[in-house]
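Hydrogens, waters and symmetry mates are skipped; everything else that's a heavy atom, side chains included, is used.
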Amino acid sequence: MEKPSDPSNDENNGKSNQDKKLKRKELGLSCMLNTEVGAVLAVIRRPLDPTSHCFAAPDDAFDPSLLQPLKSLRALIFNPQQEWRTIDPSIYLFPFLDVIQSDEVHAAATRVALSSTLKILKLGIFDEKTPGSKDAINTVVTAITTCRLERTDPVSEDAVMMNILQVLTGIMNHRASVLLSDQAVCTIVNTCFQVVQQSSSRGDLLQRCARYTMHELIQIIFSRLPEINFRDGDSSASTDTEDADADEGNLDSGYGIRCAVDIFHFLCSLLNVVQVVETDQGSTVQTADEDVQLFALVLINSAIELSGDGIGSHSKLLRMMKDDLFHHLVHYGTRSSPLVFSMICSTVLNMYHFLRRFIRVQLEAFFTFALFRVAGPGVSIQLQEVALEGIINFCRQLTFVVEVYVNYDCDPLCHNVFEEIGKLLCKQSFPVSNPLTTIQIQAFEGLVIMIHNIAESIDREHDTSPSGPYPIEITEYAPFWEDKPKDDSEAWVQFVRVRKAQKRKILIAGHHFNRDEKKGMEYLKLYNLVSDPPDPKTLAFFFRYTPGLDKTMIGDYLGDPDEFHIKVLEEFTGTFGFAGMNLDSALRTYLETFRLPGESQKIQRILEAFSESFYEQQPADLFVNKDTVFILCYSLIMLNTDQHNPQVKKKMTEEEFIRNNRAINGGKDLPREYLSELFQSISNNAITLFGQSGLPVIMNPSRWIELMNRSKTVQPFILCDFDRRLGRDMFACIAGPSVAAISAFFEQAEEEELLHECIEGLFSVARIAQYGLEDTLDELIATFSRFTTLLNPYASAEETLFAFGKDLKPRMATLAVFTIANNFGESIGGGWRNIVDCLLKLKRLKLLPQSVIDHDAASTSSSDAQATSESGIIFPAHDPKFGGRRASGMISRFSHFLSLESPEDALSLGMSEFEQNLKVIKQCRIGNIFSTSSHFPEDSLLNLGRSLIYAAAGKGQKFSTPIEEEETVGFCWDLIVVIALANVHRFQAFWPNFHDYLLAVAQFPMFSPIPFAEKAIVGLFKVCLKLLGTYRPDRVPEELIFKSINLMWKLEKEILDTCGELITQSVNKILIEYPANLQTQLGWKSVLHLLSVSGRHQDTYEQGVETLIMVMSDGTHVSRTNYAYCIDCAFGFIALKNSPSEKNLKILDLLSDSVNLLIQWCRNHYSDPGNNYSVASNTSNSSLEDSKGFGSNNFAMNLFVKLGEAFRKTSLARREDIRNHAVLSLQKSFKLAEELEFTPTNCINSFNLVIFAMVDDLHEKMLEYSRRESAEKEMRSMEGTLKIALELLADVYLQFLIPISQCSGFRTFWLGVLRRMDTCMKADLGAYGESTLPELIPDLLRKMITEMKEKEILVQKEDDDLWDITHIQIQWIAPSIKEELFPE
């Protein structure tokens, strides 16, 4: 059994092992040093001639000071064994450094010493914490950079240089390198660059190694920059002297920002290295050394990449980046080779990534003066390609386009950089010929990238940010030149958008100003661009920064003596930064912005303003006062005229110019050198005093100085992310050119990959356009619809099918158009017309046949699944995979399309060309467009509806056969119905417009109601049934749909016959299943009228009459609203020829019984039993018949009269049983109506309109038959009905005798009764013999008069002649009863 180990023993054993490892390592280092010392000594002692057989020279042949330190180091190595990490590195480094610095040894010894030094550095014998390491590491730098090579040859010298490069890298990689001084680091870099220069005339290997080492040194130095704090005393207020003092006071802390500044300054200076080149004429010119420039740019790029945003913490280095570096990049941007320019673009891109907050003005200058000009026309193809690639690289950065738009395009004082980028890419990608060039392809790819970035950023999932309003309005005045720092508030986005609107309006104001100064100023006021009263500063900035202004008009305005104009001039001059400029440069910059007027007084005022501004911005030790500047300005202008006017023969000399300007500086002379410099500048380069607008502006030193002065006052570059509104505004700037470019490129492209890129661009445009750019999407749809080849009016069906089947492009365009319709239908406006036209053409080409419809799935699925219309199109439910991000769904769908089998594969699989086409169309998911239209905004829905209705009416369509026309119209109406059903929840919002479209198509010149109205009535009833299927408190939708239904059958009444069966079924369903939901007068009137029409046909009569009988029998849904229409419908059925008598008699009985309803309504104060409709609830604005009497007490009587008139009309029917039953039903109605409380007026009206009219009509009809031949039977039949009518007259008269007698018109009424009795009594039946009426009439008169006497209505009175008149009439009508009734 083992004993447990002792922990103390384990710890001791561990320490012992560690000590042994340290000793072994120290022993190894000792051995290494011993070996290196031996190697150096051996090489030193070796004879110079390697072929010599002589022994090595004795030690006394060499300098003792060179060998002794090596020997001493050897003696120290093992005696005793050293702990090297605690020893001053100078002890074991200096012997080797002495050899390196010696000019007595040959190159081989120097190489071995350098290798030994490198080995010591790499093994890390010491570090930054080792005593003496700082002095040691700095001494190593001194030794290496002062290496002497006196006794050597070129080959050996190259080898030594290679070793030097290795040691320099080893020094900078060593841990103690942080202790190097700034000077030492600069010396290392300088030494390395000297090797680079010397290697240019030596071997390629040395040159490559030197460049690589230089690159590595820069990486090491600048990678440390972010870690350097402000210990170097570098601040925005520090000077070079202060920095130097700070460095001196911090020597223990090692190198810092100062060496980085010096090295970077050195790298920038390399961009100016020139080389002398001989021309073909034998002369020499100086040009930039491209090789050195490229090398410098590589190093600068590395420095920026590794320093990152750490540069922004060091003001001196940042100033150098902003000024020196950028000036060089802009200057050489238009003057370099493609390779150098590519590196320049990469450098600027790197600076954008890390330093864009500090280089707002510089970035604008680079794009404006370098990148745009190189990418434009007049430049070599290679340079254009590089420039475009540079622009595209910028556009690939996610936030670049929005940041550029916010910082420049929305700033009235800056160029429209984003807009210029977009238009440049559109212009360069626009194909003018075939095949496409590389530049066109490259530019198009850049355009698609930019559009895609905008789309991805503003059409983000779950983004709830606002997307309006569009466009933005300028509601109040705000100084457009004043910027505002970014914050996270909504107000900042609004501010940016307003500034862009201001900028846009300012450009318009500029156009007005160029035509008429007053109009320009009025426009500025109209859109709140100037304050009230006007601020001179506003107009100053307007003149200074509005591009395209007429420079002559600006000069005239500024030179005007008006006080306000003078203030504008002062403010205008104040916008220039003249600090650091010479007078001639400042004057050139100033006079470039306007044309100097010709009048001397105006020139004087302008130069006075310039002189004052220039004087205030110059050092105080040069000019005594502003008058000096003014005089000198005049002198320069005169010199300019003298030197550059061809009419001046004798030119002014420099001495004469200096002499002319003596004692102008407060009685003293200006420095001769200063005046001489001015003279030479003017002589060599004229000042453009009367320049024209539109000349290209170049970047010269004075403009750069002004730009740098401006950079000190502008807001920093704003970092921001996309906002939906900004993204929309951005794309709106380039929408037109983008659509044109995408369309033209798609038309010219042949490669599948490029076509796919076009489609992706199309989808991205659609994603952006949904936020207020519907017109753009419509334009794109119109163009791509043309590419489908479906809209070619000159192509036959066979040609269209051939092009569609053989060419990929039409199929891609078709799928793209319908994909957009599926996913962005809510953003489409007028584009629906093109989509509908394409759809109809597909229908005619039989590409929407039964084969694309899964009948079984449609019939067995639930109501939410696919449904199929009779026209043969499938209407699937919403595709769930489109519920997420639409872009991914579209791209995946399109990728699937592109992966379809090729024609060869399809043939091998047995697919015909027609089946391939169907496969494509099936992916279009056409039905989904319409069935999911519920999320469309109202405008889009109206455009879609109008397109379908107009297409159904034949607008823009050409039909080859009536069958084709009928199918197309039916197809359109199927789609209209789908839309209506999908949007039934907002029916009253869109259908009034749809109805207006129906009215409009009826006015089309070539409009044919058949088959339009036939298909319309079918579809409209489907919508009607949907609306009435559920109860809706709002009655407007019901009125709207019946208004359209009535319009359709009135267009062509023939459709009431052709569509009778469907109409009857629909009406029957409404009255049986949904009568409670039918709430409006128009609805009931329409339904009951159409129900009565159904009786015309034998097939529909039975169903129609039974429905009417059911409604009347039940009575639940008969109300004041529909009672009159029920009567009309019933009479319509009774009046039909050959209708069954039992049905008619049943209807007559129901009509007479309906009087009970009138009585019930009166009792309930006109509230319908079983119906919730009341007078108060009738809020409809439609002009419905008989609505005026709804609230009056006579309403029931009006309905009763309506009923009586129906009976009166029925009493003239051809069939006797119907006639007689109608009269009896009327009599029954009057008996039931006693409870209606007839007033005297009501009674008389009822007699006049019903009973008297019925008697008169029957009498007239009887006489008419009596005059016909062989009509005795009809005449006698009519006579019998008249008898019943006369009996009715007498009975009703007696029933209402009291109220009638109380009427003021009773005398006239009674005479009317007697007159009708007389007429019937004396009826002449001609050849048919005597009438039987005289047998009845005396009895009726006796009955009536007797009753009148009993009730003392007919009595003898002195003041009443009724007795006498009656006596006379009876004597005339029926003398036989005179004595009985009127005894003497």
Participant: What distance separates L1056 CG from H1097 NE2, expressed to the nearest 0.5 Å?
Facilitator: 8.0 Å
Participant: Does the plane of the ring in F994 sit parallel, tilted or perpendicular to the ring in Y997? Use 30° and 60° as the thresholds.
Facilitator: tilted
Participant: Holding to ring-ring contact (aromatic ring centres under 6.0 Å, His included), I want the full list of residues that pass it with F1247, two or more places apart in sequence or in another chain.
Facilitator: F1252, F1309
Participant: What distance do I1045 atom CD1 and L998 atom CG have between them, rounded to the nearest 0.5 Å?
Facilitator: 11.0 Å
Participant: Taking 4.0 angstrom as the limit, do D1153 and K1228 come out as a salt bridge?
Facilitator: yes
Participant: Filter on salt bridge (Lys or Arg N to Asp or Glu O under 4.0 Å), then keep only pairs touching residues 1279-1288, sequence neighbours left out; what's left?
Facilitator: R1276-E1279
Participant: Quick test of your reading: applying salt bridge (Lys or Arg N to Asp or Glu O under 4.0 Å), list the pairs with at least one residue in residues 982-1003, sequence neighbours left out, ordered by first then second residue.
Facilitator: none
Participant: Does a side-chain N-to-carboxylate-O contact under 4.0 Å join E1274 and R1214?
Facilitator: no
Participant: Give me the one residue out of F1042, W1049, F1133, W1084 that meets ring-ring contact (aromatic ring centres under 6.0 Å, His included) with H1089.
Facilitator: W1049
Participant: Under the salt bridge (Lys or Arg N to Asp or Glu O under 4.0 Å) rule, collect the residues that match up with E1102, sequence neighbours excluded.
Facilitator: K1143
Participant: Just verifying a value: how many Å separate I1284 CD1 and H1221 NE2, rounded to the nearest 0.5 Å?
Facilitator: 11.5 Å
Participant: Apply the test side-chain contact (heavy atoms from CB on, under 4.5 Å) to residues N1122 and V1111: give CA-CA distance (whole Å), side-chain angles for both, the deciding distance (0.1 Å), then the verdict.
Facilitator: CA-CA 11 Å; N1122 58 28; V1111 172; over 6 Å; no
Participant: Less than 4.5 Å apart, side chain to side chain, heavy atoms only: is that true for P992 and L1040?
Facilitator: yes
Participant: Could you pull out all donor-acceptor pairs under 3.5 Å where a side-chain atom in residues 1203-1210 meets a protein atom, sequence neighbours excluded?
Facilitator:
{"unit_1": "R1208", "atom_1": "NH1", "unit_2": "D1257", "atom_2": "OD2", "d": "3.0"}
{"unit_1": "T1210", "atom_1": "OG1", "unit_2": "A1206", "atom_2": "O", "d": "2.7"}

Participant: I need the I1147 CD1 to S1225 OG distance, nearest 0.5 Å.
Facilitator: 11.5 Å
Participant: Not counting sequence neighbours, which residues clear ring-ring contact (aromatic ring centres under 6.0 Å, His included) with F1238? List them please.
Facilitator: F1200, F1296
